[in-house]
Asker: 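If you scroll down you'll find the structure; I have some questions about it.
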Amino acid sequence: MDYNKQIDKKWQDFWKKEGLFKVDTKGCSKDKYYCLVMFPYPSSELHVGHARNYVIGDAVVRYKMMQGLEVLSPMGWDAFGLPAENQAIKRKIHPREWTLKNIDRIKQQLDSWGIGYDWDREVTTCLPDYYKWTQWIFLQLYKAGLAYKKEAYVNWCSSCKTVLANEQVIDGVCERCSTQVDQKKLNQWFFKITDYADRLLKDLDFLSEWPDRVKSMQQNWIGKSWGVEINFSVQGYGEKIECFTTRVDTIFGATFLALNWEHPILDKILEDVSNKEEIKIFIEKLRNQPPCARLLDSSDKEGIFTGKYALNSMTGKKIPIWVANYILTGYGTGAIMCVPSHDLRDYEFAKKYDLPIIEVIKRPKTEDRRQRTENGEEIDDEDQKRNQSSEFCHRTSDKEFEVYEGEGVLVNSGEFNGLSSEEAKNRIVEYMENKGIGKKAVNYKLRDWLISRQRYWGAPIPIVYCLTCGEVAVPLEDLPVTLPQEVEFLSTGQSPLTYVQDFIKTKCPKCGKEAKRETDTMDTFVDSSWYYLRYLSPKEENIPFDKEEIIKWQPVDQYIGGVEHAILHLMYSRFIYKFLIDIDSVKTEFPEPFKRLFTQGMIVKDGAKMSKSKGNVVAPDYIIEKYGADTMRLYILFMGPPQKDAEWQDEGVSGCWRFIQRCLRLVDMFKEYKEGDTADSFNECEKAVVRKMHSTIREVTADLEGNFQFNTAISRIMELVNQTYKSLSEGELRKEIFKQALETVFLLLAPFTPHISEEVNKVFGNDKSIFSQAWPRFDEKHLHQEEVEVAVLVNGKVRDKMKINVKWAKEDIEQKALALAKVLKVTANRTPKKIIYIEKKIVNIVI
RNA sequence: GCGGACGUGGUGGAAUUGGCAGACACGCAGGACUUAGAAUCCUGUCUCGAAAGAGGUGAGAGUUCAACUCUCUCCGUCCGCACCA
């Protein structure tokens, strides 16, 4: 059989004509399977790295179809965003035009690879029929008090002239243009995702089928920690300074307080300070420091004494209040109690400015640790000490003092002396709560989601500003707030919408007077946080999504995409989903949108991520031109475990091509095949093929049911093909068996190489699509083997192998093993201490 | 620093979860068929050794009849977070 490009095209057209991937979400009666592949940002053409994503998704979709499920496989476009706007500025193309042109091109690519989608459900986030509902979601959040505006210091990229979210700042530079990021105070819209922090954390428990890596990244990002909030009263003022600490057991060692430059109390306490100007200059310096000026070196720690003191409420001693550059803004209260004896950072600071250091925690005694070792063996004291220091201790260069950051036993802590850290924490909180000087508290690293963008190419925020009524939400019936087509891109730092008079000018929905529209647009992560719901009813004009459909089709059974979305996209989607559940817009048993998540690895070339600038991009189109779609698909799946990064090797592609040719040659042989004389029962060659066939079905199915181990699945199919060749050359096969073997090969290959599988399916006289056939089943009885080979080991070392009949008694097998010449040579007539027989595997003789 | 993943031939990678390490491919070498090449087919290919044999899964120890797999220590690579009090 000849493979040619017409075959690809022919079957792609066939699937389209037959509507193979069309799903009637309402009407279908089969069990549902919602397979979702992360939709692409339509920038330029897709390369093989992107292809991996879609090929994996397609293989899953086709496999599940053959399993008899109703498989929903939609596709769409994450079409708003910065690159389109950058292109517009650079090349004077309208973002919309550029985006839609790219969509056409990518769609054509996906088609030519034979990726199957229900295109009737296509969703494009930059079109009004979609972003109308993104705005709707904004308004729901607004109504619930979860969308709010606040003035805040934000990351400002002077090159892109825009505000960046923290997560778009990589190592202190803009993720897109690598310009140094500055700080700027602006009025911004936020979503209050922090209200959901605890649920986002707790509900990770529902996600047993997500990779641990992703879950731990999310956990980390939420960053929940338990501790105590302590009030320190400022001497001479009625004011208090709140500090959060996770180590209240070290309170007796707190010898100073440190504030960040933004702390509100500074204005008050600095009033009558003599060196006020000096301090202000220092604060100003910190304010202008971009977040990238991360202090990696301890010597970078800087601070200034405010001249004021607070009281350590436990010791009653007065402790100085400092302003320091190492106190984070936006986490905790902006003030901390500093314990230089048990916190390395505080120690470095105290050392530099000569502040007192009081040890209050002793490392637990070695006896305690010794008890913890399993077998009670003594452990060398020196070793212990070394281990401990590597864990918790930071020896200072002058060796005067070791900062011990671990837990231990309290000293110099008044009535709490002798308690363990753990006990002390409880007792001290209790004491503080009674006295009203502190209380248990929880802190999160997670911050509210900044969604404002001073950009044109995004969904307009549906808010109007009226001189009389103030901030007014656009009524639902007025949605969408349409993005104007005519726009000018001026580098001013303002949203281009600011200059579109027709857009800005509007009437206040409340009082009808002249009003102005909000000119910021939304972060594209808002668009992508709910698209999977829109796929279920993409054409609905009056509602964002159909509740009934959601009950039926949510959660997504399998979500597939890159790890780069492990934190933001997935966190935001989870948040929005939970919110929609809360406002009763989504009804579901399972509180998470994506039941199972698969993150595929990157394809690298010459050891590096593919990029135009490196010139190492592998274009799929040339591979398709040379070998066809199936070869590319097969290689992408065969190159390695799909969740791991893999190096692209052109030689590997030709290997897959050869395999396909080898399969097709077998089909040719079958067409010409003349059956010889057949006996009643199968001969050895036939038995071998049948056995291999069934074991292959079993293993390939297991590989796909597991963690999508396409690479091993394919290698097993290769083995079946090899076995078929071998049996053909070694003896007679009746035609029926030859046929079964071939049919099995192509059924198993169908999810990976759909075009050729369809073609061969036709050779066997089936007019219907191979994907309407059932996935093959194996029969246990064909796996059974009378005779198997076992390895014979002496003292764990393989000495010989022997064939045994599985019915033989254990003793007989052992006797036979002992009698082997190679075994006798080693045992030299010594009687074995013990013989271990593992069924059908091993005989181990211990002497 | 914290969290996670990982370390196996010249290369990509297998190993029914503690049971014959290197499946399946790539590459390479030799051979067959060809005027020749391409394609295809066959054979070989962890290391040392002529062979018998010995060694071998980053290093070292331990548990076990048996360890790539489990435990501990160390070394190294990749990813995420990072002055989170």
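Reminder, nothing fancy here: chain letters follow the sequence lines and each chain counts from 1. Just so it is clear, the structure is predicted and the values come from calculations on it, not from any experiment.
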Asker: Would you please classify the geometry between the A:His569 ring and the A:His565 ring as parallel, tilted or perpendicular, with 30° and 60° separating the classes?
Answerer: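 It falls in the perpendicular class, over 60°.
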Asker: Taking OP1 and OP2 of B:G13, is either one under 4.0 Å from a side-chain nitrogen or oxygen of A:Ser715?
Answerer: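 Result: no.
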Asker: Check this one for me: any side-chain N or O of A:Lys841 less than 4.0 Å away from OP1 or OP2 of B:A66?
Answerer: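 No, no such contact exists.
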Asker: Of all the choices, B:A25, B:C20, B:A85, which nucleotide is nearest to the side chain of A:Phe638 once you look at every atom?
Answerer: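 Nucleotide nearest to A:Phe638's side chain: B:A25.
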Asker: Counting heavy atoms from C-beta on, name the nucleotide in B:C79, B:A85, B:A25 closest to the side chain of A:Thr246.
Answerer: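 Selected nucleotide: B:A85.
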Asker: Centroid separation under 6.0 Å, is that true for the rings of A:Phe282 and A:Trp261?
Answerer: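 Distance test on ring centres: not under 6.0 Å, no.
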Asker: With rounding to whole Å, what would you report as the distance between B:U11 and B:G58 at their P atoms?
Answerer: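 So the two P atoms sit 13 Å from each other.
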Asker: Is the A:Tyr353 to A:Trp322 ring centre distance short of 6.0 Å?
Answerer: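 Ring centroids of A:Tyr353 and A:Trp322 are less than 6.0 Å from each other.
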Asker: Is it true that, when you exclude A:Glu787 itself, more than 12 heavy atoms of the residues, nucleotides or ligands shown sit nearer than 6.0 Å to its CD?
Answerer: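 Enclosed: over 12 neighbouring heavy atoms sit under 6.0 Å from CD of A:Glu787.
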Asker: Can you see if the side chain of A:Lys801 gets near the phosphate of B:C20 - specifically, an N or O under 4.0 Å from OP1 or OP2?
Answerer: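 So the side chain of A:Lys801 is outside the cut-off, no N or O lying under 4.0 Å from OP1 or OP2 of B:C20.
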Asker: Tell me whether the guanidinium CZ or amine NZ of A:Lys301 lies under 6.0 angstrom from the six-membered ring centre of A:Phe349 and within 45° of its axis.
Answerer: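 Not satisfied by the 6.0 Å and 45° rule.
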Asker: Do the side-chain N or O atoms of A:Tyr331 get closer than 4.0 angstrom to the phosphate oxygens (OP1, OP2) of B:A85?
Answerer: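 Answer yes for this pair, as a side-chain N or O of A:Tyr331 is under 4.0 Å from OP1 or OP2.
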Asker: Would you indicate what A:Asn795 reaches in the nucleic acid, counting non-hydrogen atoms under 4.0 angstrom: base, sugar-phosphate, or nothing?
Answerer: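 Counting heavy atoms under 4.0 Å across all strands, no contact is made by A:Asn795.
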Asker: Both distances below 3.5 Å, Watson-Crick or wobble geometry, any strand: find the nucleotide opposite B:U47.
Answerer: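 Checking every strand shown, B:U47 finds its partner in B:A54, with both distances under 3.5 Å.
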Asker: Using a cut-off of 4.0 Å on non-hydrogen atoms, how would the nucleic acid contact of A:Asp346 be classed: base, sugar-phosphate, or nothing?
Answerer: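 If one applies the 4.0 Å heavy-atom cut-off, A:Asp346 turns out to touch nothing in the nucleic acid.
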Asker: Please report the shortest heavy-atom distance between A:Met314 and A:Ile428, naming the atom on each side.
Answerer: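 Minimum heavy-atom contact is CE-CG2, 4.1 Å.
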Asker: Need one value for A:Gly655: base, sugar-phosphate or nothing, where a base atom within 4.0 Å counts as base even if backbone is also close, heavy atoms only.
Answerer: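 The residue A:Gly655 makes sugar-phosphate contact but no base contact.
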Asker: Are there more than 12 heavy atoms of other residues, nucleotides or ligands under 6.0 Å from atom NZ of A:Lys440?
Answerer: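 Atom NZ in A:Lys440 is not crowded, with 12 or fewer foreign heavy atoms closer than 6.0 Å.
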Asker: Just checking A:Asn711: base, sugar-phosphate only, or nothing, at a heavy-atom cut-off of under 4.0 Å?
Answerer: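 Sugar-phosphate, backbone atoms only, no base.
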Asker: Expressed as a whole number of Å, how far does the C1' atom of B:G7 sit from that of B:U69?
Answerer: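 These two C1' atoms come out 14 Å apart once rounded.
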Asker: With both distances under 3.5 Å as the test, what is the Watson-Crick or G-U wobble partner of B:A5?
Answerer: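 Its partner is B:U77 (Watson-Crick or G-U wobble, both distances under 3.5 Å).
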Asker: Across the strands shown, which category fits A:Glu789 at heavy-atom distances under 4.0 angstrom: base, sugar-phosphate, nothing?
Answerer: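 The answer is base, as A:Glu789 lies within the cut-off (heavy atoms under 4.0 Å) of a base atom.
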Asker: Given the C1' atoms of B:C75 and B:A61, what is the spacing between them in whole Å?
Answerer: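 Per the computed distance, 15 Å lies between those C1' atoms.
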Asker: Of A:Lys825 and A:Trp657, whose nearest nucleotide on RNA chain B comes first from the 5' end?
Answerer: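 Result of the comparison: A:Trp657.
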Asker: Please determine, for the side chain of A:Lys834, which listed nucleotide (B:A52, B:C65, B:A25) has the closest atom?
Answerer: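 Nearest nucleotide to the side chain: B:C65.
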Asker: What integer number of Å spans the P atoms of B:U57 and B:A67?
Answerer: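 Rounded to whole Å, the distance is 11 Å.
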Asker: Pick base, sugar-phosphate or nothing for A:Gln649, based on heavy-atom distances below 4.0 Å to the nucleic acid.
Answerer: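 If one applies the 4.0 Å heavy-atom cut-off, A:Gln649 turns out to touch the sugar-phosphate alone, with no base involved.
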Asker: Does B:U16 have its OP1 or OP2 closer than 4.0 Å to a side-chain nitrogen or oxygen of A:Arg698?
Answerer: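 False: A:Arg698 side-chain N/O out of range (4.0 Å or more) of B:U16 OP1/OP2.
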Asker: From the set B:C81, B:A85, B:A14, return the single nucleotide nearest to any side-chain atom of A:Thr245.
Answerer: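 That would be B:A85.
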Asker: Closest-nucleotide mapping onto RNA chain B: is A:Ser216 or A:Ser654 further toward the 5' terminus? I mean the 5' end.
Answerer: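 With A:Ser216 and A:Ser654 compared, the 5'-side residue is A:Ser216.
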Asker: Nearest of B:A85, B:C20, B:A14 to any side-chain atom of A:Pro641?
Answerer: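 Comparing B:A85, B:C20, B:A14 against the side chain of A:Pro641, the answer is B:A14.
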Asker: Look at all strands and tell whether A:Ile717 reaches a base, only sugar-phosphate, or nothing, counting heavy atoms closer than 4.0 Å.
Answerer: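 If one applies the 4.0 Å heavy-atom cut-off, A:Ile717 turns out to touch nothing in the nucleic acid.
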Asker: Going by the glycosidic torsion and a 90 degree boundary from 0, is the base of B:U17 oriented syn or anti?
Answerer: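 It is syn.
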Asker: Rounding to an integer number of angstrom, what distance separates B:G22 and B:A15 when you compare their P atoms?
Answerer: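 Comparing P positions in B:G22 and B:A15 gives a spacing of 13 Å.
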Asker: Between B:A85 and B:U17, how many Å separate the two P atoms, rounded to a whole number?
Answerer: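 Their P atoms lie roughly 42 Å apart.
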Asker: Taking the same atom, C1', in B:C65 and in B:G13, what whole-Å distance lies between them?
Answerer: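 Result for the C1' pair: 31 Å, nearest Å.
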Asker: Roughly how many Å is it from CD1 in A:Ile660 to P in B:C26, rounded to a whole number?
Answerer: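 So the CD1-P distance, A:Ile660 to B:C26, works out to 13 Å.
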Asker: What are the two closest heavy atoms between A:Asp249 and A:Leu410, and how far apart are they?
Answerer: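 Closest approach of A:Asp249 to A:Leu410, heavy atoms only: O-CD2, 3.5 Å.
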Asker: Please state whether the phosphate of B:U64, meaning OP1 or OP2, lies under 4.0 angstrom from any side-chain nitrogen or oxygen of A:Asn844.
Answerer: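 Looking at the OP1 and OP2 atoms of B:U64, neither is under 4.0 Å from any side-chain N or O of A:Asn844.
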Asker: Can you tell me which nucleotide in B:C20, B:C24, B:G4 comes closest to the side chain of A:Glu719?
Answerer: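 Given the options B:C20, B:C24, B:G4, the side chain of A:Glu719 is closest to B:C24.
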Asker: Say we look at B:G53 and B:A5: how far apart would their C1' atoms be, to the nearest angstrom?
Answerer: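 Those two atoms are separated by 40 Å.
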Asker: Which listed nucleotide (B:G80, B:A15, B:G27) is nearest to the side chain of A:Ile567?
Answerer: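 Selected nucleotide (nearest to the side chain): B:G80.
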Asker: For B:C24 and A:Arg662 - does any side-chain N or O of the residue sit under 4.0 Å from the phosphate oxygens OP1/OP2?
Answerer: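 False: A:Arg662 side-chain N/O out of range (4.0 Å or more) of B:C24 OP1/OP2.
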Asker: OP1 or OP2 of B:A39 sitting under 4.0 Å from any side-chain N/O of A:Arg665?
Answerer: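 Indeed not, no polar side-chain atom of A:Arg665 lies that close.
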Asker: Is there a donor on the side chain of A:Asn220 or the base of B:C81 sitting less than 3.5 Å from an acceptor on the other?
Answerer: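 Answer is no: no donor-acceptor pair is held.
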Asker: With both distances kept under 3.5 Å, what pairs with B:C41, Watson-Crick or G-U wobble?
Answerer: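 Base partner found: B:G31.
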